[in-house]
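Accompanying notes for the structure given below.
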Amino acid sequence: MTQVLAKYGWNDQKVKGFRAALLDWYDQNKRDLPWRRTRNPYYIWISEIMLQQTQVATVIPYFERFIKALPTIEALANVDEQELLLLWQGLGYYSRARNLKVAAQQIMEHHQGQMPQTMPELLKLKGIGPYTAAAIGSMAFDLVEPAIDGNLLRVTARIFELDADISKPSSRKIFAEILYELIDPERPGDFNQAMMDLGATVMTPTNYYPEDSPIKAYDQSFINETAALYPVKKKKIKNTKHQMLAYRIQDLKGSVLYRQHTADELLTGLWHYPIFEYDIVLDSATEDELLTPLEDYFEQLGLGALKLKLMMNPSQMIVALPKVKHVFSHRTWNLQVVPVQLEDDLQALIAGSQGLTTTASDQEHPISTLQQKLQARWEGVNR
DNA sequence: AAGGCGGGGGC
DNA sequence: GCCCCAGCCTT
C-alpha cells in the first residue's frame with residue numbers, strides 16, 4: 001500500500017496520521033463555498049471550470065448567476081452562445097464557456113444527460129483534462145483520484161522535499177505516484193479539497209514558515225526550513241528576438257577591430273566584431289543611421305570622432321551579406337554584418353585600450369561560434 | 001513541446 | 001508597470 005511512500009520513510013501509521021491531521025483541519029476550517037454545499041456533479045463541474053486560472057472570490061458571483069440561468073446540463077446544452085458568453089463575460093478564457101456547451105451536448109448525446117462517472121469518460125468531454133476529471137470524480141463520485149493542481153504540486157513538493165521540476169510533464173508521474181498512496185480512499189474528494197485549501201490559505205507560494213500548518217509535523221520542508229526551495233520550477237524564459245549589427249571595421253592597412261565582451265554581456269571574455277542592437281528598418285537605413293551606434297561607441301571610449309564610412313551602401317549590403325542567426329537559450333540574435341572603412345590607423349588608435357585588439361582568431365584571443373559564423377559569412381562573400 | 005487564451009493578484 | 005499564474009486545447 002505504501003510502496004512509493006516507504007521510500008520516503010513513511011509507514012502506514014504515518015500515512016493515517018497525516019490524513020487525520022489534514023481532514024480534521026479541513027473539517028474545522030473549510031471555506032463555505034456554494035459548490036461545496038452540494039454533491040451535484042453539474043455544479044461541481046461548472047465551479048471547477050470557472051476556477052481554472054481564476055480566483056475563488058471572483059468565481060462565486062459568476063457561479064451563482066450561471067446555475068440560476070442554466071440549472072441543468074440540458075439547459076446548458078441548448079443555450080444560445082451569446083447568452084452563454086454574457087454569463088461568462090469578464091471571467092476570461094472564453095473557450096472554457098464554449099467547451100462547456102460542447103461537453104453538455106456530448107453528455108446529452110452519449111450519457112442520457114447524466115454526468116459520466118468514470119475517469120476515461122470524463123476525460124473525453126471537451127474542456128475536461130486530468131485535473132478537472134479527478135476533481136469531479138473524487139468530489140461527486142468518490143473516485144480515488146488525486147486532483148493535481150498547482151496547490152497540490154506545491155504542498156506535495158514541500159512535504160517530501162521533491163526536487164522534480166514541476167514544469168516538466170515527466171515530473172507529473174512522480175507526484176501522481178505519491179498522491180495515489182497519500183489520498184484518503186475513504187474521503188478522496190475531501191482530501192483533494194483539503195490539500196487545495198491548505199495550499200491556498202496556509203502553505204501559500206510565499207509563506208515559508210507556516211506555523212499554523214496542521215501537517216507541519218509531516219512536512220519535511222518545514223522541519224528542515226527549506227520550504228522556500230519548493231516547488232522546483234524551471235523559469236519559463238521566452239526566447240526573445242533581437243536585431244543586431246556586427247561591424248567589421250577595417251583600416252587602410254587591412255587591420256580589423258575586435259572587442260572583448262565584458263562580464264555584463266553574453267559570451268563574456270570572447271572576442272567579436274563590435275555588436276550593437278538596433279531598432280531601425282535596415283532596408284531603408286541611411287549611412288548615418290548605420291554608423292551612429294558605432295560613433296557613439298567610439299565617443300564613449302574617448303577615441304573621439306573617427307573617419308568612418310560604409311564599404312557598401314545599405315541596400316547592397318543587405319543583398320550581398322545574408323544575415324547571421326545565433327540562438328542562445330533565452331534569446332535569438334539576427335545579425336547583419338556591416339563592413340566599415342576606417343581612415344585612421346587602427347593599431348595606433350587602440351594602443352593601450354583594454355579589451356580591443358586587431359589580432360583576434362589567433363591563439364591568444366578566443367572567439368565564439370557566433371564570431372566564427374560572422375567571419376565565415378564575410379569571407380564567403382569576399383572569396 | 002510550445003504557444004494561446006484573459007483577467008486578476010503580487011511585487 | 002511588470003511578472004506570474006500548472007489547465008486545457010491546438011499546432
Side-chain angles (χ1 to χ4, degrees), chain A residues 35 44-63 65-66 81 84-107 119-139 145-160 162-179 192-193 195-208 210 227-228 230-241 327-332:
Chain A
W35 48 90
I44 293 171
W45 173 34
I46 301 302
S47 71
E48 287 302 333
I49 299 297
M50 286 185 171
L51 286 164
Q52 288 171 12
Q53 318 294 84
T54 310
Q55 305 239 326
V56 168
T58 307
V59 164
I60 290 173
Y62 280 90
F63 174 81
R65 189 177 63 166
F66 193 96
E81 171 142 332
L84 176 64
L85 290 175
L86 282 172
L87 289 167
W88 209 266
Q89 188 175 76
L91 264 188
Y93 282 106
Y94 296 93
S95 62
R96 288 186 296 176
R98 283 187 288 271
N99 289 342
L100 272 179
K101 177 175 175 173
V102 172
Q105 291 170 329
Q106 289 177 291
I107 296 170
M119 287 293 283
E121 289 171 317
L122 286 167
L123 286 166
K124 285 194 185 113
L125 299 175
K126 191 89 165 168
I128 294 186
Y131 163 77
T132 309
I136 297 169
S138 65
M139 293 175 202
E145 296 282 344
I148 306 176
D149 73 344
N151 287 311
L152 263 79
L153 287 171
R154 181 175 60 257
V155 168
T156 308
R158 286 186 181 168
I159 293 171
F160 296 94
L162 298 178
D163 292 316
D165 181 348
I166 65 167
S167 67
K168 283 164 53 178
S170 55
S171 300
R172 240 197 89 83
K173 224 176 65 186
I174 294 167
F175 286 82
E177 274 181 352
I178 289 173
L179 286 166
N192 282 329
Q193 295 185 82
M195 290 282 277
M196 287 188 242
D197 270 18
L198 187 65
T201 63
V202 179
M203 293 174 69
T204 63
T206 53
N207 183 12
Y208 304 130
Y230 302 97
V232 174
K233 180 165 36 176
K234 194 186 68 204
K235 272 240 174 61
K236 198 194 307 182
I237 320 158
K238 52 179 162 198
N239 191 308
T240 52
K241 295 190 185 340
V327 180
F328 300 96
S329 58
H330 60 308
R331 62 181 59 204
T332 299

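In the text below, chain A, chain B and the rest are named by the order of the sequence lines, each starting its count at 1. Being a predicted model, the structure only gives us computed values, none of them experimental.
- Every residue meeting the side chain to side chain contact (heavy atoms under 4.5 Å, CB included) condition with A/Ala227, not counting sequence neighbours, appears here in chain and number order: A/Arg158, A/Tyr208, A/Ser221.
- Summarising the geometry of A/Asn192 relative to A/Ala134, their closest heavy-atom pair is ND2-O, 4.3 Å, with the distance given to 0.1 Å.
- Considering only residues two or more places apart in sequence or on other chains, A/Arg98 meets the side chain to side chain contact (heavy atoms under 4.5 Å, CB included) condition with A/Glu81, A/Leu85, A/Tyr94, A/Ser95.
- Within the 4.5 Å cutoff, the side chain of A/Trp35 has no heavy atoms near those of the A/Ile46 side chain.
- Residue pairs meeting the side chain to side chain donor-acceptor pair (under 3.5 Å) criterion with at least one partner in residues 46-60 of chain A, sequence neighbours excluded, are A/Glu48-A/Tyr131, A/Gln52-A/Thr132, A/Thr54-A/Arg96.
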Test A/Val155 against A/Tyr230 for side chain to side chain contact (heavy atoms under 4.5 Å, CB included), laying out the working first.
-> CA-CA 9 Å; A/Val155 168; A/Tyr230 302 97; over 6 Å; no

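- For the pair A/Ile166 and A/Arg172, the minimum side-chain heavy-atom distance is 4.5 Å or more.
- Taking the side chain to side chain contact (heavy atoms under 4.5 Å, CB included) definition, one finds that A/Pro210 meets it with A/Val202, A/Met203, A/Asn207, A/Asp212, A/Ser213, A/Phe222, sequence neighbours left out.
- One C1' atom belongs to C/dC9, the other to B/dG8, and the distance between them is 22 Å to the nearest Å.
- With both ends at atom P, the span from B/dG6 to C/dG1 equals 24 Å, rounded to whole Å.
- Using atom P as the reference point in both C/dA6 and B/dC11, the two lie 14 Å apart (nearest Å).
- Among the nucleotides C/dA6, B/dG8, B/dC11, the one closest to the side chain of A/Thr206 is B/dC11.
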Pull out every protein N or O sitting under 3.5 Å from an N or O of nucleotides 7-11 of chain C, one pair per line with the distance.
unit_1 : atom_1 : unit_2   : atom_2 : d
C/dG7  : OP1    : A/Gln53  : OE1    : 2.2
C/dG7  : OP2    : A/Gly150 : N      : 3.2
C/dC8  : OP1    : A/Gly129 : N      : 2.9
C/dC8  : OP1    : A/Gly129 : O      : 3.4
C/dC8  : OP1    : A/Thr132 : N      : 3.0
C/dC8  : OP1    : A/Thr132 : OG1    : 2.5
C/dC8  : OP2    : A/Pro130 : N      : 3.4
C/dC8  : OP2    : A/Tyr131 : N      : 3.3
C/dC9  : OP1    : A/Gly127 : N      : 2.7
C/dT10 : OP1    : A/Lys126 : NZ     : 2.8

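- Of the possible donor and acceptor atoms, one in the side chain of A/Thr156 sits under 3.5 Å from a partner among the backbone N and O of A/Leu152.
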Pairing pattern in dot-bracket form [Watson-Crick, G-U; both distances under 3.5 Å; | = partner strand] for DNA chain B = |||||.|||||

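- Distance, A/Trp88 CH2 to B/dC5 P: 18 Å, rounded to whole Å.
- Here A/Lys233 reaches the OP1 or OP2 of C/dC5: one of its side-chain N or O atoms lies under 4.0 Å away.
- Closest-nucleotide positions on DNA chain B for A/Tyr94 and A/Gln55 were compared, and the one nearer the 5' end corresponds to A/Tyr94.
- For the pair A/Thr54 and A/Ala57, both in contact range of DNA chain B, the more 5′-proximal nearest nucleotide belongs to A/Thr54.
- In this structure, CD1 of A/Ile60 is placed 15 Å from C1' of B/dG8, rounded to the nearest angstrom.
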